[in-house]
Amino acid sequence: MGRHYYTTTKGARYSKHLGTRYGYNSALPNVTWVTDAHEKLYKKNSGHYAIYYHVKSTTGNHGGWIWRGYLK
């Protein structure tokens, strides 16, 4: 996956297995996120897939997994 730059103010950042929430994206509205990986997860209850991107801030201080629907 290539590097792509996004911003967001919705949702939250999570750990690899989505078990730990690192923080809400609304707390960091002016951060530019850089993607470096993606995962396609199957949601059993809805029968649909969700794609999450692993992101890091351009300064490297913050990171985690964000659902792609929250990225702009």
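Fair warning: this is a prediction, and the values are worked out from it, not measured in the lab.
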Value rounded to 0.5 Å, distance of OH in Tyr52 from OH in Tyr70:
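The OH atom of Tyr70 is 7.5 Å from OH of Tyr52, to the nearest 0.5 Å.
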Step-by-step side-chain contact (heavy atoms from CB on, under 4.5 Å) determination, Met1 to Asp36
CA-CA 6 Å; Met1 175 174 184; Asp36 60 2; over 6 Å; no
Take Leu18 and Leu41 through the test side-chain contact (heavy atoms from CB on, under 4.5 Å) and record every step on the way to the result.
CA-CA 11 Å; Leu18 305 178; Leu41 301 175; 3.4 Å; yes
Let me check something: do Val55 and Ile51 share a hydrophobic cluster, defined by ILVMFWY side-chain heavy atoms less than 4.5 Å apart, either directly or through other members?
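In one cluster with Val55: Ile51, yes.
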Is the backbone N or O of His62 less than 3.5 Å from a side-chain atom of Ser57, with the two atoms forming a donor-acceptor pair by type?
yes
To the nearest 0.5 Å, what is the distance between CZ on Arg13 and NE2 on His54?
10.5 Å
Supply the atom-to-atom distance Lys10 NZ to Trp67 CH2, rounded to the nearest 0.5 angstrom.
9.0 Å
Grouping I, L, V, M, F, W and Y whenever their side-chain heavy atoms are under 4.5 Å apart, do Trp65 and Val34 come out in a common cluster?
no
Pairwise distance OG1(Thr35) to CG(Leu71) - rounded to 0.5 angstrom:
8.5 Å
Give, for atom OG1 of Thr7 and atom CG of Leu28, the distance between the pair rounded to the nearest 0.5 Å.
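Between Thr7 OG1 and Leu28 CG, I get 12.0 Å after rounding to 0.5 Å.
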Rounded at 0.5 Å granularity, tell me how far CZ in Arg68 sits from NE2 in His4.
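Between atom CZ of Arg68 and atom NE2 of His4 there are 11.5 Å.
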Taking C-beta and beyond as the side chain, do Val31 and Trp33 meet within less than 4.5 Å on heavy atoms?
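Val31 vs Trp33: side chains touch.
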Are any side-chain N or O atoms of Thr20 and backbone N or O atoms of Ser15, one a donor and one an acceptor, separated by less than 3.5 Å?
no
